[in-house]
Amino acid sequence: MSTQGGSTLSLSSSLTPRWKHDVFLSFKGEDTRNSFTDHLYTALKQKGILTFKYDEKIERGKAISREILEAIEESRFSIVILSKNYASSIWCLDELVQIIRCSKERGVTVLPVFYDVDPSDVRRQRGTFSIPFAVYMEKIEMWRAALTEVANLSGWLVQDGHVSELIQSIVELISQNLSSSFSSITNDLVGIDSLVEELITSYLDLGNNVCMIGVCGMGGSGKTTLARVVYGKFRGYFEGSSFIANVREYSKKIDLLQLQQLLLADILEERNIDIRNVYHGVDMIKRRLCHKKVLIVLDDVNKLDQLENLAGECGWFGLKSLIIITTRDEHLLVQHGVHKIYKPNALSSDDSLKLFCLKAFKNEQPREGYMQLSQDVVHYANGHPLALVTFGSFLFGRTMDVWQSALDRFKKIPKREIFDTLKVSYDGLEEMWKDIFLDVACFFRGKMKDQVIEILETCGFDARIGIQVLMDKSLLTLENGALQMHDLLQEMGMEIVRQESREEPGKRSRLWLRKDLFHVLMNNTATKAIQAIVLEFGGDGAYRHIESYSEVFSRMCNLRLLIIDNVHIPNGLNHLSNELRLLEWHGYSSKCLPSRFQSKELVELKLQFSKIEYLWRGEKYLDKLKFIDLEHSINLMRTPDFSGVPRLEKLCLRGCINLVEIHPSIGQLSKLTVLNLEFCQSLINLPSSMDGLRSLEVLILLGCSKLAKLPENLGKIECLKELDLTGAAVREVPSSISFLICCGCEKQFFKSRLDSVFSVRLLKYLALSTNNLVFALPASISQLPKLEALNLGNCIQLHSLPDLPSNVRYINAKGCSSLEASPALLSMSNLSQPSISFFNCCKLVEYKEGSDGLAFAMLKRYLQGLIYPKTGLYETSTKRKDRSKAAFQIIIPGLDVPQWLTHQRIGYSISIELPPNWCNSRWMGFALCALFRINCYGYSSESYSLKGHVKALGDLPQHTFKVIGETSFEVVIGETSFDYSVGHLWLLYWSRDDLLGTHWNGHECSQINVVFDSNSPSVEVIKCAVRLIYEQDVEEFNQTTAQCSTSCVITSEGLDCVHHEFENSAVEKATKIIRTYDDNNKAEHSASWSFHEETVRVAKTKDGKKEIKGEQFRWSKPMQCLLLEILANDATKGNKPSNTFMPRSLARAAQEISEKFGVECQLNHVENCLRTIESIWSTITKLRNRKKFFGWNDNLKMITCEKKVYDEEVMAHPDHEQYLNKKIEMYDKMALIFCKDNATWGSAKSFSGIESEKRILELESNALDIDFEKASKGKQVSSSNAALSGASSLRKRSRMNQDANYGKFSKQLRKVELAIKKLKKDQLDVNELYEEVMKIERFSEVMLAFAFDYLVDNERVAKAFMAKNARLRTLWLESFFNQNGIYGN
């Protein structure tokens, strides 16, 4: 039996000593030296725990040596093995005294082992522990105190058997505590804990499986540090461990066989391991480690064979082993098939500053006066740990002026330690990859990847694979399609080029600074070493003119790349290298190219915004030229002869406004694919013979306002796919076109062109956007069999759409503000994979068929169309063209998500638990919906993106999940008018084939998580919803839709913040008054609760006599409201002196209900009703007071909670069906009747804002002479059996009181009527609302703007606000800001 309590050892100390040993063993040699102690010592050594054990035989009576005393002081743990003869040794007793002293003074942890002795004998010094040394009287008390103290500690009791298990538990405990204390070593490793946690979580997610994790990143990014911390902190949890550092460097000096020996020696604790060759080593690792749980770190691996021979497969190691591989080459990890690749992020600004200051100041904060300099260094290091440590160590103790000088030098010449570390990756590259890296570092950082690839391929590089290699080796990254690299890597690349010639730029391979280029030109120092010149826009004006230095270019005979921006050559450029592959000169100032320029290597020629008058005279043979771009060269009047450029693929003459003639030789360019003549306003004709352009795919004639006719043979070009005639005078369209853009057409030729468009049978894409002349499309559009996409964006006069071809998949009708619902819109549901945008088509909100709007009606028809009428089986999506997108999606203005979607949540995300067997044969897919708005007003050219992500999660132990499958989708909205008061629905359907086809495993999935996000904070997702769709749902649509109002689960976290309603507005008050007091109001069945009673109904016959009819009594909502009003008034007047209402109060309620509604309501009916309401109130209060889990939605009059709480707390309640998902009307009156405290408002504070609501109620009542809802508190109701003895007199007094008040009611209702008329305007005037809100003086402009946004989103509340006077508006604003936690003036 063990008295062990050592699982929670105290290792804390105010100052942690420097320990020389991990463990000190104190034992009596003759008892345990060759048995227990020896076995324990061996086990500790095998775990790598440094243990001090004094093995020399101790002479009897000899004093303890100084060596022993120091060993005790320098050990973190002391294990005291108390055996039978322990107390007979003065040496052992002195050791024990020293151990107890060090535990108190130095924080040494003492672990006693009671080896075949009774702890109570030790505690009381009985038996063999009675101290016999009478001659040592001065020590006896210390010995006894030490024995008593050690006996009181938790430890282990060793009896017969199980010794090996006990030793193992001791070793594991010490190992774990040594690992936990490892944090003292990492005090200056800022931000390391979260990184370690993330890596270990990945390991734990794999359960009992072997886990291989790769840590990848640029040099100095903290890969090795992270691996060392994990190794040091957790190696005690494994049966063996090995950290092989600098594998790259070791592999240069020693072979892999020696690394295998090192690995086995570390783990097996054996030194003379004989391995004959690498293959034998692999076999030995497999055999010796396959049953061991091991932790192995292979640091800085750079070749695949290193991994294959040290940790080739997971099967080499025992279950739950962890293999960590650090490398700079991500592709190496992919090749080896690691489970997860982890890339440490750069340190945040705060962590960077902290790490830097720990090195520069030995403190976490800068010294006074050094903050700005420190931030400059941190900014330059850009989160790179090695740089921060290096800079901090270098600047430690130096003055501010030295700091500034050093920082300037760092930016010019990188620190050697950093440069050498980073350059290791560069040195391992092939020569072509080195050239690509240097080009990107010097010229193209931040440029789009595809653009850079095009340029580099022009220079003869295999750029696509090269850039991927650089990304794999962590030298490049891709951010939003642009190539990026760390600042220090760019500095390293530029430094490599500078080292080619430190003093003379003309001897370097690349020039990127204007001052360097002009130094070369002015000093005539150009050499053949120069390969590339790239100068960005701008720069010192002094460097913009090259006058007499242009001939220097002739000495750059190996120049392959020349990109210059805004450098002028007044006298013309006479010489250019014939090795040039790309010439790009923005603002080229000569009127033509040099006559001697004859580069047979030139691939691209770009002279945008040039002063070119003619490109060249006659023919110029440029056999490899593929791209000519003379965009906005306004002096160009004629194109050159193209006979010498037979490989030309793209010709851009966009914006050449004076171009009048295109050389006929263009018709011979058989490889030309793109011809851009956009805004060539002077162009009248195209060459008559263009049938030789057999590869032409895109012809852009946008803005060619004088071009009236196309060549007749243009229609023979079979490849022509896209023709843009926007703004051109062309009337007829070639019949071979498949991609046609006719936007903004002019009236005089619109109709003739449109007629020809709808006869183009091969048309696949048609864009008619921004055509104000389009009122309706002709029915002949249905005769375009290949049409797939139709763009009608911003056709504001378009009223309707005809039936469309069945092949159409994409319809863009955004901004078609006149578009109205029609049968043709519903017929779009029959398309194969409809993707439809009705953004800002606000008239479609008026669609009335069904309760869930046009979007749901279309989805319903689409789903019904999938069901085969006879078999009941749904059509799969295997025949669809694009299964990566939703089978159905639509964007349309909307007020709320369809109620048919059973799982709904306020906000941008929702998770649903999946029922068992959810993925059965009748499951069709998911329907998803987001209600969103774009907080922008007016026209905007900006594009807003809304993205959705669906994750399928499977259960893992310890309440965690793993990702089974993931699907993402996106919609982009832009270049249209926005109105932030208009909400939109994005409704999608994903079929099971689409989802399961993306490697989802439906049977493992237990939860679905849906998240919507955006590229802009202006896009706000208000609510989202999801539903699993089964065949039976589609078959029973009508019944399901009718029941949807009671099947919806609303979950929310902070729902009130989204659906605040102005409950006490004049509209709601008028509605309540009219419902309660209007004699002609018909009884309305309660949506909250109803109950039936046998009663007698009294009706009047034609002759005025009463007729008695036996009938079941039914409580209606107006009856219940009147009952609550009466009792609340009585409670206000003090007519509830105890826990019961007075009998006359209940009797008066029964009387008034009888007279008001023509029924015979008796006292027992009132009592029964109150019992029911009281039960509901009791449950409400119980739930509502649990503020951490439940909330109150004032708009819906419902208790709200999160889905998890709903499942675990609410569904478990035995009476939950009585109140769940049902409105609870007049809760404020229920609070007055049932709360216990009559003197204060305190008991009502379980509902938000009750204090301010009371204040507003009272003031509003005064303003309208209404006092029905004056608030107070009553006491608990209990039923009463009193008879109606005083009913007659009470009825008489009640009638008199009513007569006295009817005149007042009439006046009140007239005012209410006026308020209602004002509130029920057809449309809210947003401008007037803005003026009225912003002119209120008590609040800041920001607060008022917030309130205005809320009112715009809640039109009914806004109308109520406008109906109030200034004082009540101010009070409402005060309440609104308090409820939303907004304070200020």
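On a predicted model such as this, the values are computed, not experimentally measured, just so you know.
A side-chain N or O of Asn1009 and one of Ser911 form a donor-acceptor pair less than 3.5 Å apart. A donor and an acceptor atom, one from each side chain of Gln484 and Thr477, are nowhere located under 3.5 Å apart.
With hydrogens and angles ignored, the 3.5 Å screen pairs no side-chain donor or acceptor of Glu1020 with any backbone N or O of Pro1017. At distances below 3.5 Å, not a single donor-acceptor pair connects side-chain atoms of Arg1027 with backbone N or O atoms of His903. Arg445 places a side-chain N or O within 3.5 Å of a backbone atom of Met485 that can act as its donor or acceptor partner.
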**OP:** For Trp900 and Phe856, run ring pair (Phe, Tyr, Trp, His ring centres under 6.0 Å): C-alpha distance rounded to whole Å, both residues' side-chain angles, the deciding distance at 0.1 Å, then the answer.
**Re:** CA-CA 9 Å; Trp900 185 73; Phe856 176 65; 5.4 Å; yes
Original post:
Could you walk me through whether Lys764 and Glu788 pass the salt bridge (charged side-chain N to carboxylate O under 4.0 Å, His left out) check?
Top reply: CA-CA 5 Å; Lys764 292 183 178 180; Glu788 295 180 3; 5.2 Å; no
Original post:
Given Val378 and Ser352, is the side-chain contact (heavy atoms from CB on, under 4.5 Å) satisfied, shown in steps?
Top reply: CA-CA 6 Å; Val378 167; Ser352 296; 3.5 Å; yes
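For Cys1024, the side chain to side chain contact (heavy atoms under 4.5 Å, CB included) partners two or more places apart in sequence, or in a different chain, are Ile910, Phe1012. With sequence neighbours left out, Glu454 forms a salt bridge (charged side-chain N to carboxylate O under 4.0 Å, His left out) with no residue at all. Under the side chain to side chain contact (heavy atoms under 4.5 Å, CB included) criterion, Asp724 pairs with Ile700, Leu702, Thr726, Ile741, sequence neighbours left out.
Shown here is Tyr342, whose OH atom has more than 12 heavy atoms of other residues, nucleotides or ligands within 6.0 Å. When the shell of 6.0 Å around CD of Glu197 is examined, it contains 12 or fewer heavy atoms from other residues, nucleotides or ligands. Other residues, nucleotides and ligands contribute over 12 non-hydrogen atoms within 6.0 Å of the NZ atom of Lys606.
Taking the six-membered ring for Trp and thresholds of 30 and 60 degrees, His632 and Phe609 have nearly parallel ring planes, at less than 30 degrees apart. Under the 30°/60° scheme for interplanar angles, the aromatic rings of His984 and Phe839 are found to lie parallel.
Atom CG of residue Leu928 and atom CG of residue Leu987 lie 8.5 Å apart, to the nearest 0.5 angstrom.
Less than 6.0 angstrom separates the ring centroid of Trp1372 from the ring centroid of Phe1361. Ring centers of Phe1339 and Phe1377: under 6.0 Å apart, within the cut-off.
Between Leu790 and Asn812, every side-chain heavy-atom pair lies at or beyond the 4.5 Å cut-off.
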